[in-house]
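What follows is a single structure, written as structure tokens, with notes after it.
Quantities reported herein were computed from a predicted structural model and do not represent experimental measurements.
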Protein chains: 2
Amino acid sequence: MIETAQQQGNPQKFPQESVIVFIQAMLPMPLEKASIIASQFERKTLAKHEFVLQEGKVCNESYFLESGYIRAFAFDPDGNDVTFNIFSPPSFVNDISSLFRRVPTKENIQALTECAIWTIPYERLQANFHAMPEFREFGRMMLIMSNTHLKDRMISMIRDTAEERYSALLRTKPDIFQHVPLKIIASYLGITDTSLSRIRREFAQK
Amino acid sequence: MIETAQQQGNPQKFPQESVIVFIQAMLPMPLEKASIIASQFERKTLAKHEFVLQEGKVCNESYFLESGYIRAFAFDPDGNDVTFNIFSPPSFVNDISSLFRRVPTKENIQALTECAIWTIPYERLQANFHAMPEFREFGRMMLIMSNTHLKDRMISMIRDTAEERYSALLRTKPDIFQHVPLKIIASYLGITDTSLSRIRREFAQK
DNA sequence: AAAACTTCTTGCCAAATGCTAAGAAGATTC
DNA sequence: GAATCTTCTTAGCATTTGGCAAGAAGTTTT
């Protein structure tokens with residue numbers, strides 16, 4: 001263990017490295033600018049089952065998920081909980097409607113595992129939007145990407161069968177199946193856990 | 001018919017009035033600012049069945065629908081067409097992903113009836129975003145509202161039954177049923193026309 | 001270690017939805 | 001106005017999905 005130059009030479013110069021990488025992937029910009037944006041975020045950890053947002057409150061922060069798994073859910077009229085999003089790293093976790101419109105949220109956002117996240121409060125987000133064009137563009141791209149994902153998801157819910165949605169998730173985000181209970185995945189796919197169990201059995205036989 | 005003061009006193013000073021009203025409802029601002037934004041739009045009419053966007057092309061315009069009905073659809077692997085949005089006036093009609101990311105669209109956007117629309121080309125949109133903070137804020141609010149609607153719709157697809165979605169549409173946008181074929185509405189609700197027909201029969205008996 | 005709880009699967013039956021086909025009614029075209 | 005096309009409904013049957021309940025397996029708590 002003599003040669004540790006790499007570690008020594010890079011003594012966490014960018015603790016927000018995962019944020020920087022993600023920003024660059026979303027909207028290419030000079031490293032310098034991306035670093036400034038990323039430096040506005042603060043690190044936190046979440047315990048398993050901890051909430052970052054609860055129904056009825058106004059969302060005051062934007063989150064970037066570095067490690068761990070998070071879900072967004074609400075309750076249907078019968079009191080069953082319905083998961084409509086599962087976040088896996090690296091990704092932004094936002095209730096855009098509540099955060100930017102300053103209205104109470106309809107969602108509960110909860111850690112499914114221990115998580116490492118980076119957060120930025122609403123006020124600092126706004127201040128940076130006004131002060132820094134790159135930050136503004138980054139925020140706009142975040143809205144656009146969120147829009148793209150939501151629409152893709154909605155089209156999939158209309159067009160694809162439950163089995164197709166399952167198979168697509170297994171292909172694109174296999175890691176979710178190792179960290180998130182199947183009953184939550186079932187809810188996310190728009191079916192019951194019973195149904196998912198059947199689909200998995202039939203799927204395995206192919 | 002002597003007293004026509006109202007018409008004479010307001011000789012279409014704001015031909016884009018419907019655009020102004022809609023902008024103000026979305027993001028309250030001085031009439032003067034809203035008028036400037038609205039004045040950037042140009043009026044067009046669409047013939048029934050005319051396309052404003054076709055799969056594979058890059059969307060180069062933003063649209064505001066003043067009158068008439070428009071749908072967005074795509075084809076599933078079997079070649080069936082799947083309607084995932086029906087626009088009724090007044091509303092913006094955008095393929096946000098294609099327009100702002102400059103990538104080919106996956107959607108076909110088509111007039112279902114004769115339409116009156118207001119359009120603005122991408123370049124002018126961008127120029128105004130940079131030149132005019134209110135225009136920028138308006139664009140951002142458009143993204144946020146689109147996001148809100150998409151998420152509400154997705155949650156409804158997961159949480160609600162087909163009958164609940166039908167009943168909600170009948171309640172919130174009854175005019176659609178007078179102008180759009182039921183087979184297209186069925187597709188939009190995520191069911192077949194056969195199924196919608198059954199639901200309507202049972203619904204009428206209640 | 002025992003107890004309590006959660007997760008996952010399975011079986012059974014009911015309900016919802018899809019598929020295909022046929023016909024009636026309405027709209028459009030010639 | 002006749003012919004053609006589209007839309008809408010209905011029927012019969014197959015498939016998918018849900019609701020409930022039970023039990024096995026795994027986790028967490030005490």
| task | Report, as a single string ordered 5' to 3', how protein heavy atoms within less than 4.0 Å touch nucleotides 24-30 of chain D: B base, S sugar-phosphate only, - not at all. | result | ----S--
| message | Can you build the contact string for nucleotides 15-22 of chain D? Use B for base contact, S for sugar-phosphate-only contact, and - for no protein heavy atom under 4.0 Å. | response | --BBBB--
| message | Filter on side-chain hydrogen bond (donor to acceptor under 3.5 Å, both in side chains), then keep only pairs touching residues 81-96 of chain B, sequence neighbours left out; what's left? | response |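 Qualifying pairs, neighbours excluded: Ser62(B)-Asn94(B), Arg71(B)-Asp81(B), Arg71(B)-Thr83(B), Asp95(B)-Thr105(B).
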| Met29(B) and Gln24(B): which non-hydrogen atoms are nearest, and at how many Å? |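 The pair with the smallest heavy-atom distance is O-OE1, 2.6 Å.
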Does [X] have any ring pair (Phe, Tyr, Trp, His ring centres under 6.0 Å) partners at least two apart in sequence or in another chain, and if so, which?
{"X": "Phe138(B)", "result": "Phe92(B), Phe135(B)"}
{"X": "Phe75(A)", "result": "Phe73(A)"}
{"X": "His179(B)", "result": "Tyr69(B)"}

Name every donor-acceptor pair, under 3.5 Å, that has one atom in a side chain of residues 188-200 of chain B and the other anywhere in the protein, sequence neighbours excluded.
residue	atom	partner	partner atom	Å
Tyr188(B)	OH	Arg153(B)	NE	3.4
Thr192(B)	OG1	Ser195(B)	N	3.2
Arg200(B)	NH1	Tyr166(B)	OH	3.3

| request: Identify the 5'-most and 3'-most nucleotides of DNA chain C with at least one atom closer than 4.0 Å to a non-hydrogen atom of chain B. | output: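 First-to-last contact on DNA chain C, by the 4.0 Å heavy-atom rule, is dT17(C) to dT28(C).
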| request: With sequence neighbours left out, write down each residue that passes side-chain contact (heavy atoms from CB on, under 4.5 Å) with Arg43(B), or none if nothing qualifies. | output: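 Counting only residues at least two positions away or on another chain, Arg43(B) forms a side-chain contact (heavy atoms from CB on, under 4.5 Å) with Glu66(B), Ala116(B), Trp118(B).
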| Excluding sequence neighbours, so at least two apart, what forms side-chain contact (heavy atoms from CB on, under 4.5 Å) with Thr119(A)? |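 Checked Thr119(A) against side-chain contact (heavy atoms from CB on, under 4.5 Å); matches are Lys44(A), Glu61(A), Tyr63(A), Ile117(A).
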| task | Could you check which residues of residues 166-183 of chain A get a heavy atom under 4.0 Å from DNA chain D? Sort them by number, please. | result |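 Those residues: none at all.
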| In degrees, rounded to 10°, what is the bend between the two ends of the helix from dA1(C)-dT30(D) to dC30(C)-dG1(D), using five pairs at each? |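 End axes: 50° apart.
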